[in-house]
2 protein chains.
Amino acid sequence: MQALFSHIQKIYPISPEAESALGEICKELSFTKNQTIQEIGHTCKTIYFVSKGVVRIYYYKDAIDITESFEFENAFVARAESLFTGKPSQKAIQAIEDTNLIAIDSNKLFKLFDEHHDLERLFRKIIETSYVTTVNRIESLQFHTAEERYNALIKEAPDVLKRVPLKFIASYLGITQVSLSRIRAQK
Amino acid sequence: MQALFSHIQKIYPISPEAESALGEICKELSFTKNQTIQEIGHTCKTIYFVSKGVVRIYYYKDAIDITESFEFENAFVARAESLFTGKPSQKAIQAIEDTNLIAIDSNKLFKLFDEHHDLERLFRKIIETSYVTTVNRIESLQFHTAEERYNALIKEAPDVLKRVPLKFIASYLGITQVSLSRIRAQK
DNA sequence: CTTAAAATTTATCATATGATAAATAATCAC
DNA sequence: GTGATTATTTATCATATGATAAATTTTAAG
């Protein structure tokens, strides 16, 4: 739990009361490598914080497994398109390594926002940051070649190569695994 | 100004006090077709609401003009990657038609959040919605063909074709104008 | 360890899209 | 309205990436 609180501290420090209220609606969970954390078709009512390990969000397009995103230690994970709309998600969350998560009950969290203005501000800032990240990713997918995207990824997050299988990285970059292999070979 | 208030009403109704405080930090602006609303290199300190017309956000990649997004009536526009980070934006905002905007001073808005919790909640929800939109757009760019993306666009927003030049639509879809022309021809 | 399963690479061929240039159509300025 | 500018389409050729299959390497299970 402490990992979450120190992470929060860096984003927007909240009052001890808010922190304690937040602690009340959190659960610590463990998953083994490859284990499914949340299934496709499930409506997302949890915001996870990764305290140890790596997870990915994925979905199927024409029966092909596509990785939408990875998250490592000290990052939040949620299927936004379900969490913020209340609709069932077409995406799943899976542990890529043995992973420890802190699960925040989103309905309880949203209720806490009424009492704890600072908690709402914190999560507003978290969403803002996630939003900026996705806007930048659109730019990358819109007009960069697969090779440029691969190079950018290993520059920004060299850990990914060590901890995430290439088949997941390929679909994350919007290409097939074979194509990624080809790009890696020509160096 | 009324267009903004009625739009807000549908998202998250705010108190009359909050509405009046918001009104105080807004300005109504008009731009003619093709006019630049905000320049590249400028740090974004404004959230716009489109009350009439269409605007686009664009940037240059290798001297080629790329449209990141369009916004029509009753939508908010801001260069998130600058607004939320305080860094100068590499993107510009331009009117595609004669356009009326309501400009919200973001620094003043963020200060109002301290007094008006409901205003912060409103904007949290607006950001959440924008975030969901961009996440869905990543999915579209990640593994759909150019033709699928074009078909999805005209299905979801048929107005775009009538009001936005094809050269802007092409780069928005992540393809060249010539390629878009080819896709349109094969029908 | 040994074997099976999974991940990654390599090879071949097909195709969608890019780059460039030119033709045509639409829009704008006077 | 007329000519100039801009937008769109068409054509040709080049290339990056996809699809498929097979070989190789790595990982996992017993």
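In the text below, chain A, chain B and the rest are named by the order of the sequence lines, each starting its count at 1.
- The distance between atom CD1 of Ile175(B) and atom P of dT8(D), rounded to the nearest whole Å, is 13 Å.
- Note on ring orientation: taking the six-membered ring where Trp is involved, the planes of Tyr58(B) and Tyr60(B) are perpendicular (angle over 60°, cut-offs 30° and 60°).
- When each of dA11(C), dT17(D), dA6(C) is scored by its nearest atom to the side-chain atoms of Ala146(A), the top-ranked nucleotide is dT17(D).
- Rounded to whole Å, the distance from CD on Glu147(A) to P on dT15(D) is 15 Å.
- A cation-pi contact, defined as under 6.0 Å to the ring centre and within 45° of the axis, is absent between Arg56(B) and Phe70(B).
- Applying the salt bridge (charged side-chain N to carboxylate O under 4.0 Å, His left out) test between Glu97(B) and each of Lys162(B), Lys33(B), Arg163(B), Lys52(B) identifies Arg163(B) as the sole match.
- The side chain of Arg184(B) has dT9(D) as its nearest neighbour among dT17(C), dT9(D), dA7(D).
- Nearest nucleotide to the side chain of Pro165(B), out of dT17(C), dT8(D), dT10(D): dT8(D).
- Here Ser179(B) lies in heavy-atom contact (under 4.0 Å) with sugar-phosphate atoms only.
- Side-chain proximity of Val178(A) to the nucleotides dT8(D), dA19(C), dA11(C) is greatest for dA11(C).
- Summary of the strand contacts: Lys33(B) and Thr145(B) both lie near DNA chain C, and taking for each the nucleotide with the nearest heavy atom, the more 5' one is attributed to Thr145(B).
- Of the two residues near DNA chain C, Phe143(A) and Leu166(A), the one whose nearest nucleotide lies more 5' is Leu166(A).
- As rounded to whole Å, 13 Å separates atom P of dA7(D) from atom CD1 of Ile169(B).
- Rounded to an integer number of Å, the gap from CG of Leu141(A) to C1' of dT17(D) is 15 Å.
- For the pair Ile64(A) CD1 and dT17(D) C1', the computed distance is 14 Å after rounding to whole Å.
- Contact detail for Thr67(A) and Gln142(B): the closest heavy-atom pair is O-NE2, 2.8 Å.
- Computed from coordinates, the Glu148(A) CD to dA16(D) C1' distance equals 12 Å when rounded to whole Å.
- Minimum atom distance to the side chain of Ile183(B) is reached by dT17(C), of the listed dT17(C), dT17(D), dT8(D).
- Listed nucleotides: dT17(C), dA7(C), dT10(C). Nearest to the side chain of Gln177(A): dA7(C).
- Set against dT6(D), dT9(C), dT9(D), the side chain of Lys167(B) has dT6(D) as its closest nucleotide.
- Relative to the ring axis of Phe110(A), Arg124(B) places its NZ or CZ within 45° and under 6.0 Å from the centre.
- Along DNA chain D, the nucleotide closest to Leu180(A) and the one closest to Leu180(B) are compared, and the more 5′ of them pairs with Leu180(B).
- For dG18(C), the OP1/OP2 oxygens have a side-chain nitrogen or oxygen of Thr176(B) closer than 4.0 Å.
- Atom pair Lys162(A):NZ and dA7(C):P shows a separation of 21 Å (rounding to whole Å applied).
- Protein atom CD of Gln186(A) is 14 Å distant from nucleotide atom P of dA11(C), rounded to whole Å.
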